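To start, the structure under review is shown below, and the notes come after it.
Every value quoted in this text rests on a predicted model; they were computed, and no experiment measured them.
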Amino acid sequence: MIAREAPGERRLVVIPMLHTETDLGELSDRVRRETVAHAGRRAWERKQRAIERLWSEITEWSERVAIPEAGMRLYQDGLPVCGPGERDVTRTIVEDLGTRGSLNHRILLSLIERGATLEGTESPELLLAEYRLARGEAEQDGDGTPAAHDLLEQRDRFIAQRIDATLEPHQVGVLFIGYLHNIPPHLPAGITVEHPFDVAEALSQGAHA
């Protein structure tokens, strides 16, 4: 259960994400091939089992977590800020991905049905740059380093600013975010951060399964 601890306190629960093949979309084949080539098929299969176990734990957490009276706001890795009509647009995106089998987005839908509010989370421009980089389409500088080498930090800063701008006093935010991100250093001191899941442990357990 999430409870208030101080007047006006804002709290953020960070849910680390290991992307499933469904979440990766058209990039899944490439990621699978590269992982198998680098570490072998058994390593890929162990990682998938670890991902499944982590999402099972996250699902159980989402089913028992309490929605505070002041409200819960949901933030999602890869979900753009859409401007006018954002609530409808973001809900449609989440519903579409949930229908395709994304556990992540099914959990979001379940929390929304219980009264949580979904927020656009990321800069559309930065997401486009990230997508182009992932597909190998981004320009590179003279030493071969991608021109958008600081793109992850730019996204982290934007996400932190978005949370600060929308999370109200006494509310709890839940951030579903890729585990390579590092949002807390960019948040104001007035937001308390919780990390209920350990990705490193999940992967370690998967490696020995």
Could you work out, with side chain to side chain donor-acceptor pair (under 3.5 Å) as the rule, every residue matching T90, not counting sequence neighbours? none

Are any non-hydrogen side-chain atoms of [X] and [Y] less than 4.5 angstrom apart?
X    : Y    : result
L175 : V13  : no
L108 : V174 : no
R73  : E168 : yes
P16  : H195 : no
L12  : I163 : yes

Linked, directly or transitively: [X] and [Y] (ILVMFWY side chains, under 4.5 Å):
X    : Y    : result
M72  : V94  : yes
I67  : L109 : yes
L180 : I58  : yes
V172 : L187 : no
I177 : V65  : no

Closest non-hydrogen atom pair between P80 and G78, with its separation: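 Looking at all heavy atoms of both residues, the closest pair is CD-O, 3.3 Å.
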
Closest contact, heavy atoms only, A129 versus L151: C-CD2, 3.7 Å

How many angstroms lie between atom [atom1] of [X] and atom [atom2] of [Y], to the nearest 0.5 angstrom?
X    : Y    : atom1 : atom2 : answer
L97  : R106 : CG    : CZ    : 11.0 Å
D77  : N104 : CG    : CG    : 8.0 Å
Q154 : E130 : CD    : CD    : 10.5 Å
S123 : R157 : OG    : CZ    : 14.5 Å
S56  : I51  : OG    : CD1   : 13.5 Å
H105 : I112 : NE2   : CD1   : 9.5 Å

Parallel, tilted or perpendicular, as decided by the 30° and 60° cut-offs, for the rings of W61 and F197: perpendicular

Given Y75, which of I183, L167, V14 fulfils the side chain to side chain contact (heavy atoms under 4.5 Å, CB included) condition?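 Exactly one candidate clears the test, L167.
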
State whether the side chain of T59 and the backbone N or O of W55 hold a donor-acceptor pair below 3.5 Å, judged by distance alone.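 Flag set: sc T59 to bb W55 pair under 3.5 Å.
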
So, using side chain to side chain contact (heavy atoms under 4.5 Å, CB included) as the criterion, who are the partners of P188 when residues are at least two apart? R10, D164, I191

Listed by chain and number, what are the side chain to side chain contact (heavy atoms under 4.5 Å, CB included) partners of V81, not counting sequence neighbours? E86, F158, R162

Any ion pair linking R91 and E113 (charged N to carboxylate O, less than 4.0 Å)? yes

Is it the case that [X] and [Y] place a side-chain donor and acceptor less than 3.5 Å from each other?
X    : Y    : answer
E153 : N182 : no
E9   : T192 : yes
D156 : H181 : yes

Full working for side chain to side chain contact (heavy atoms under 4.5 Å, CB included) between Q76 and M17: CA-CA 10 Å; Q76 171 65 44; M17 292 171 48; 3.6 Å; yes

Start with the C-alpha distance between L79 and L127, add both sets of side-chain angles, then the distance that settles side chain to side chain contact (heavy atoms under 4.5 Å, CB included), and finish with yes or no. CA-CA 9 Å; L79 190 66; L127 284 176; over 6 Å; no

Passes side chain to side chain contact (heavy atoms under 4.5 Å, CB included), F176 versus I15? Steps please. CA-CA 5 Å; F176 291 81; I15 307 296; 3.8 Å; yes

Go through it in stages, so that I can follow the logic: the residues are E119 and L74, the test is side chain to side chain contact (heavy atoms under 4.5 Å, CB included), and I'd like the CA-CA distance, side-chain angles, deciding distance and then a yes or no. CA-CA 6 Å; E119 294 286 352; L74 306 176; over 6 Å; no

